[in-house]
Amino acid sequence: MKHYDVAVIGTGPAGLGAAFELLKERPKTSLLLLDKNEYSSGGLRNDCKMNFSWPIGFPEHCWTEGEAGSYLSRVEGFLKPDILEKKNLERYSRRAEKIGVSLLSVRQSHLGTDGGLALIKRLVERLKGLGAEVSLGETADELDAEKKVLRTDKREIEYGDLIVAPGRGGFSFLQDIMAASGVQYQDNVVDIGLRVETREEHYPIVRDYYDPKFLFPKKTRTFCTNSGAASVVQERYDSPLGTPWYSVNGHAWSSSRPANGLVNFAILKTVTLTEPLASGQAYAQMLGVQAALLGGGKPIMQRVGDFRLGKRSTRAAFSGDLYDFEPSLASATPGDIGLAAPAKTLRALWNAMKLLDTIVPGLLHPSTIMYYPEIKLYANRPVFKDRSFSVRPGLYLVGDGAGTSRGITAAWASGIRAADGILGKL
Ligand SMILES: Cc1cc2nc3c(=O)[nH]c(=O)nc-3n(C[C@H](O)[C@H](O)[C@H](O)COP(=O)(O)OP(=O)(O)OC[C@H]3O[C@@H](n4cnc5c(N)ncnc54)[C@H](O)[C@@H]3O)c2cc1C
């Protein structure tokens with residue numbers, strides 16, 4: 001059985017951040033980085049907009065502002081992003097303030113999906129050049145944390161330290177690992193929301209601020225705005241009920257591709273389940289399956305014009321003169337989001353959209369499309385033993401799947417923090 005000083009599961013930003021830091025500080029480390037996908041995947045390859053300001057992407061239960069700031073400067077020092085200019089925001093901020101909404105000023109860069117793919121390829125080649133063994137198309141299956149043995153679909157390996165960074169898609173895998181290794185965790189928080197798609201002229205703020213971050217009352221916020229050559233996409237998840245469900249998401253290509261005149265962004269509400277303490281994942285899966293049932297196995301889309309009139313959208317509503325742009329996720333089913341989403345959540349989301357329409361008038365044009373559901377499963381909360389995200393000797397859980405991040409830069413920072421733990425720096 002081959003032995004590695006450090007094995008890393010996942011080549012997303014959390015895994016990459018850890019690997020680069022370890023090899024920088026201890027170049028002789030024998031390091032295996034494995035990923036079940038044939039090429040390094042994760043968020044770096046989806047739109048790849050990076051946020052370099054607190055608290056964007058940093059869950060406050062495991063980061064302080066000071067910690068995040070110091071790790072963000074290390075991430076920025078490594079990735080050397082081109083920070084986008086923001087302009088003309090005063091009037092939006094003033095309007096927001098008057099109605100109890102905050103517009104956060106965030107340092108951002110944007111590579112686009114094609115730019116992100118090119119970055120991943122460069123990073124993986126660089127890691128190989130530093131001596132890391134990168135094994136793509138290899139899935140981690142099981143862990144014996146006592147013996148420090150990892151079983152994959154291809155072999156068994158021994159490790160000194162293991163960093164597990166499987167992202168949101170690895171949410172269940174991570175729960176299996178925690179259960180098998182006796183690690184306590186909670187996953188009682190989930191973000192549920194909509195993806196909004198409209199013409200750029202109905203949401204022109206994106207010309208001045210690529211991904212404007214608004215915070216509304218009732219733990220509701222805008223998230224992940226895409227424009228230029230922008231599309232809504234769907235992600236498939238499997239539920240224990242045996243039926244798949246879909247969450248929508250969005251991305252954009254870099255400015256080298258022709259723009260399609262559309263903008264999309266999510267409006268998400270954070271839901272925290274308390275008494276009795278239920279699993280956020282199980283709740284989200286139920287909602288996802290319900291939406292898939294009503295959407296005939298697809299996400300549901302509804303024009304704002306129909307939603308306001310309290311009627312479902314139909315295919316015809318996607319071709320009338322008021323409804324004058326084609327949905328970028330054309331396979332979604334026109335329907336009635338009100339039948340699928342919990343009333344309390346939908347009220348908060350709709351209220352946020354009305355507030356946003358007051359700040360950026362035009363958003364609620366009848367043609368604007370709402371896609372449902374957009375669900376974020378990044379709320380595993382393992383009980384960490386220390387600040388390095390260690391859960392037992394030699395085992396570190398980081399990134400979106402472990403709830404230590406909600407975005408690329410915080411995931412990268414989480415990886416560095418685990419590496420700091422291994423290096424004895426914390
Ligand atoms: C469509 C889309 C667009 C997004 N856009 C942005 C954006 O613009 N900006 C932003 O900041 N964030 C964005 N995000 C979120 C961002 O992707 C995540 O916050 C970030 O990638 C989390 O990093 P991570 O390293 O924790 O996990 P990931 O990046 O998800 O990487 C996890 C890796 O682990 C691998 N893996 C999982 N399970 C196993 C296993 N059992 N064995 C081996 N390998 C495994 C996966 O294949 C994957 O490559 C987007 C997400 C999506 C889905």
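Along the sequence shown, the residues carry numbers beginning at 1. Everything numeric here is computed off the predicted structure, so don't read it as measured data. Below, each value reflects all heavy atoms present in this structure, side chains not excepted, and no hydrogens, waters or symmetry copies. Numbering of ligands and ligand atoms starts at 1, following listing order.
- Considering backbone and side-chain atoms alike, F173 places every N or O at 3.5 Å or more from each N or O of ligand 1.
- Residue contacts with ligand 1 do not include S414, since none of its heavy atoms lies under 4.0 Å from the ligand.
- The distance from ligand 1 to the heavy atoms of A165 drops below 4.0 Å at these ligand atoms: 32 (C), 33 (C), 34 (O).
- Put simply, no part of G57 is less than 4.0 Å from ligand 1, judged by heavy atoms.
- In I9, the part holding a heavy atom less than 4.0 Å from any atom of ligand 1 is the side chain.
- The shell of residues lying under 4.0 angstrom from ligand 1, judged by heavy atoms, includes E138.
- Residue contacts with ligand 1 include C48, since one of its heavy atoms falls under 4.0 Å from the ligand.
- Counting non-hydrogen atoms of neighbouring residues, nucleotides and ligands closer than 6.0 angstrom, the CG atom of D82 reaches no more than 12 such neighbours.
- Every N/O-N/O distance between G401 and ligand 1 stays at or above 3.5 Å.
- Considering only non-hydrogen atoms, atom 30 (O) of ligand 1 lies nearest to G167 out of G170, G167, G415.
- For ligand 1, the polar-atom distance check against N46 finds a nitrogen or oxygen pair separated by under 3.5 Å.
- For ligand 1, the atoms lying closer than 4.0 Å to a non-hydrogen atom of D47 are 8 (O).
- Within the 3.5 Å criterion, the main-chain N or O of L268 finds no donor-acceptor partner in the side chain of D191.
- Within 6.0 Å of NZ in K218 there are 12 or fewer heavy atoms belonging to other residues, nucleotides or ligands.
- Distances between N or O atoms of E235 and those of ligand 1 include no value under 3.5 Å.
- T409 places a side-chain N or O within 3.5 Å of a backbone atom of N51 that can act as its donor or acceptor partner.
- Counting non-hydrogen atoms of neighbouring residues, nucleotides and ligands closer than 6.0 angstrom, the NZ atom of K344 reaches no more than 12 such neighbours.
- Between G407 and ligand 1, at least one pair of N/O atoms sits closer than 3.5 Å.
- Within 6.0 Å of the NZ atom in K121, the count of heavy atoms belonging to other residues, nucleotides or ligands does not exceed 12.
- Near L34, meaning under 4.0 Å from any of its heavy atoms, are these atoms of ligand 1: 43 (C).
- By the 4.0 Å heavy-atom criterion, R406 is counted among the residues contacting ligand 1.
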- Task: Begin with the C-alpha distance, continue with both residues' side-chain angles, and end with the deciding distance and a verdict on salt bridge (Lys or Arg N to Asp or Glu O under 4.0 Å) for R168 and E235.
- Result: CA-CA 11 Å; R168 282 177 224 160; E235 298 161 0; 5.4 Å; no

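- Between the side chain of K148 and the main chain of G160, a donor-acceptor pair closer than 3.5 Å is present.
- Contact annotation: M50 has no heavy atom less than 4.0 Å from any atom of ligand 1.
- In this pair, W350 and F307 present their aromatic rings tilted. The plane angle is within the 30 to 60° band.
- Residue contacts with ligand 1 for N249 involve side-chain atoms from C-beta outward but no N, CA, C or O (heavy atoms, distance under 4.0 Å).
- Residue K385 qualifies as open at atom NZ: its count of foreign heavy atoms under 6.0 Å is 12 or below.
- Considering backbone and side-chain N/O of G15, none are found under 3.5 Å from N/O of ligand 1.
- Side-chain N or O atoms of Q290 include one that pairs as donor or acceptor with a backbone N or O of A340 at under 3.5 Å.
- Taking any N or O of N37, backbone or side chain, at least one lies under 3.5 Å from an N or O belonging to ligand 1.
- Those atoms of ligand 1 with a heavy atom of G399 less than 4.0 angstrom away are 26 (O).
- For D35, a nitrogen or oxygen atom sits less than 3.5 Å from a nitrogen or oxygen atom of ligand 1, counting backbone and side chain alike.
- An N or O contact shorter than 3.5 Å links D400 to ligand 1 by distance.
- A distance-only check finds no donor-acceptor pair linking the side chain of Y210 to the backbone of E85 [under 3.5 Å].
- Proximity of A411 to ligand 1, defined as any heavy-atom pair under 4.0 Å, is confined to the side chain (atoms from C-beta onward).
- The number of heavy-atom neighbours closer than 6.0 Å to NZ of K87, taken from other residues, nucleotides and ligands shown, is above 12.
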- Query: Which is it for R392 and E146 under the salt bridge (Lys or Arg N to Asp or Glu O under 4.0 Å) test, yes or no, and what are the steps along the way?
  - Reply: CA-CA 10 Å; R392 54 181 294 158; E146 205 62 54; 3.1 Å; yes

